[in-house]
Amino acid sequence: MMNEMRKVKLHESWLSRLGDQFEQEYMRKLRDFLLMRKRHQAVIYPPGPQIFSALDSTPFEQVRVVILGQDPYHGPGQAHGLCFSVKPGVRVPPSLVNIYREIQDDLGIPAPQHGYLQSWAEQGVLLLNAVLTVERGQAGSHQGKGWEIFTDAVVRLLNDEAEGLVFMLWGSYALKKGAVINRSKHLVLTAPHPSPLSAHRGFLGCKHFSSANEYLERGQKHPIDWSVPD
């Protein structure tokens, strides 16, 4: 199993810390489930090499901010392994529209014309979904298959081994997943989910982005440039 997982793009800083997870029974069952769904002609997003893009794009030592999503976008061409992000040329999803709106209101940064958040990941923003795969047109279709155990291990690792991180927990699902975070070691920012159904209940106006940067600067860390280059 471990040899197979080494073929997947996963930064060594994470693989060295999480390698034991790939030997666990839950991961074997998850792999078997994914192979079975593929044999049944299921279209799974994101593409295989991009499943671990969040961890590959943001090495462990570089993490400064963690944004927790739920599961990948389930439309064609959307998911590429970073939560809330889509590739250039793909319509900006409604939740990300609201995230951009809050950044503009909070920091005065104009909304970009695309939804590709790779620049955030490269600055140390871990854009982690709780579930790393989904089937086309079926939101939540891979929940409860084992991914949550793996991403719980990621959150615990960050909580235990890092200091002074910012965790942005939007919505009840993210809040529950972040229950293990030590708030005396890290800053935990909570708000309703940025989806159109709930953004007006407190996400808009939360000022998480300025709060994150202020906290990072107090801890002698570089703030995040929340603008998204064209």
Side-chain angles (χ1 to χ4, degrees), residues 46 50 53-73 75 77-130 158 162 164-171 173-175 177-178 181 183 186-230:
Q50 297 174 5
S53 284
L55 300 177
D56 194 52
S57 298
T58 310
F60 177 84
E61 296 85 359
Q62 295 180 19
V63 176
R64 287 181 280 164
V65 177
V66 181
I67 298 178
L68 291 178
Q70 191 160 347
D71 62 350
Y73 296 124
Q78 290 183 305
H80 67 101
L82 306 183
C83 73
F84 294 106
S85 179
V86 292
K87 285 287 186 73
V90 178
R91 183 179 179 182
V92 180
S95 291
L96 185 52
V97 169
N98 284 330
I99 291 171
Y100 286 165
R101 178 179 170 185
E102 175 58 24
I103 291 173
Q104 183 163 5
D105 290 345
D106 188 12
L107 297 172
I109 297 172
Q113 298 301 307
H114 65 87
Y116 189 48
L117 304 181
Q118 185 68 28
S119 65
W120 291 3
E122 292 172 359
Q123 291 182 74
V125 181
L126 181 63
L127 297 164
L128 182 68
N129 277 314
L158 290 165
L165 303 183
V166 180
F167 288 85
M168 295 184 179
L169 307 180
W170 301 331
Y173 189 92
L175 189 59
K177 194 164 188 71
I181 299 166
R183 299 184 183 219
H186 308 287
L187 177 64
V188 178
L189 301 172
T190 65
H193 195 276
S195 76
L197 294 175
S198 56
H200 291 278
R201 300 175 190 162
F203 176 81
L204 297 175
C206 68
K207 302 204 177 295
H208 280 186
F209 303 95
S210 60
S211 296
N213 280 352
E214 289 165 6
Y215 178 82
L216 292 172
E217 289 180 312
R218 288 198 302 271
Q220 307 301 310
K221 296 182 180 181
H222 290 294
I224 303 297
D225 179 3
W226 294 107
S227 64
V228 178
D230 291 334

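What you see is a predicted model, and the numbers here were worked out from it, not measured in a lab. We use all heavy atoms of the structure for the numbers below, so side chains are in, but hydrogens, waters and symmetry mates are not. Starting from 1, each residue takes its place in the sequence as its number.
- Between L165 and L158 the shortest side-chain heavy-atom distance falls below 4.5 Å.
- Atom CG of L197 sits about 7.0 Å away from atom CZ of R201, to the nearest 0.5 Å.
- A 4.5 Å side-chain heavy-atom check between K221 and Y215 finds every atom pair outside the cut-off.
- The shortest distance between side-chain heavy atoms of M168 and V65 falls below 4.5 Å.
- Summarising the geometry, atom SG belonging to C83 is positioned 11.0 Å from atom CG belonging to D71; distances are rounded to the nearest 0.5 Å.
- Looking at every heavy atom in both residues, A199 comes nearest to P194 through CB-O, 3.6 Å.
- Residues satisfying the side chain to side chain donor-acceptor pair (under 3.5 Å) criterion with S57, sequence neighbours excluded, are Q118.
- Under the rule for a side chain to side chain donor-acceptor pair (under 3.5 Å), H114 has no partner lying at least two apart in sequence or in another chain.
- Here the closest heavy-atom approach between residue A79 and residue P72 is recorded as CB-CB, 3.8 Å.
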Working for side chain to side chain contact (heavy atoms under 4.5 Å, CB included), residues R64 and Q123
CA-CA 8 Å; R64 287 181 280 164; Q123 291 182 74; 3.7 Å; yes

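- Ring geometry for F209 versus W120: interplanar angle of 30 to 60°, hence tilted.
- The minimum heavy-atom distance between S198 and P192, with the atom names listed, is O-CB, 3.6 Å.
- Under a 3.5 Å cut-off, the side chain of K177 and the backbone N or O of L169 do not form any donor-acceptor pair.
- Checked by atom type, the side-chain pair H80/S53 shows no donor-acceptor distance below 3.5 Å.
- For the pair L127 and L117, the minimum side-chain heavy-atom distance is below 4.5 Å.
- Atom-to-atom distance recorded for L96:CG and F84:CZ is 8.5 Å, nearest 0.5 angstrom.
- Counting heavy atoms from C-beta on, the side chains of K207 and E102 come closer than 4.5 Å.
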Hey, mind stepping through N213 and I224 against side chain to side chain contact (heavy atoms under 4.5 Å, CB included) and telling me if it holds?
CA-CA 6 Å; N213 280 352; I224 303 297; 3.7 Å; yes

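- Atom NE2 in H208 sits 12.0 Å away from atom CD1 in I103 (nearest 0.5 Å).
- The distance from atom CG of L128 to atom CG of L55, rounded to the nearest 0.5 Å, is 6.0 Å.
- Within 6.0 Å of the CD atom in E61, the count of heavy atoms belonging to other residues, nucleotides or ligands exceeds 12.
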Assess the residue pair L189 and C206 against the criterion (side chain to side chain contact (heavy atoms under 4.5 Å, CB included)); give the C-alpha distance rounded to whole Å, side-chain angles, the decisive distance to 0.1 Å, and a yes or no.
CA-CA 9 Å; L189 301 172; C206 68; over 6 Å; no

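- Counting heavy atoms from C-beta on, the side chains of I99 and W170 come closer than 4.5 Å.
- Remark: aromatic rings of Y173 and H193 are distant, center separation not under 6.0 Å.
- Between Y100 and W226, the ring center distance fails the sub-6.0 Å criterion.
- Side-chain atoms of P46 and Y73, non-hydrogen and from C-beta on, never get closer than 4.5 Å to each other.
- A distance-only check finds no donor-acceptor pair linking the side chain of E122 to the backbone of S119 [under 3.5 Å].
- Residue L82 comes nearest to A121 through the heavy atom pair CD1-CB, 4.1 Å, listed as atom of the first residue, atom of the second, then distance.
- Using a distance-only test at 3.5 Å, with no hydrogens or angles considered, no donor-acceptor pair links the side chain of H186 to the main chain of V166.
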Can V125 and T58 be said to form a side chain to side chain contact (heavy atoms under 4.5 Å, CB included), step by step?
CA-CA 7 Å; V125 181; T58 310; over 6 Å; no

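- For D106, the side chain to side chain donor-acceptor pair (under 3.5 Å) partners at least two apart in sequence or on another chain are S210.
- Here the side chains of Y116 and S85 are in contact, with some heavy-atom distance below 4.5 Å.
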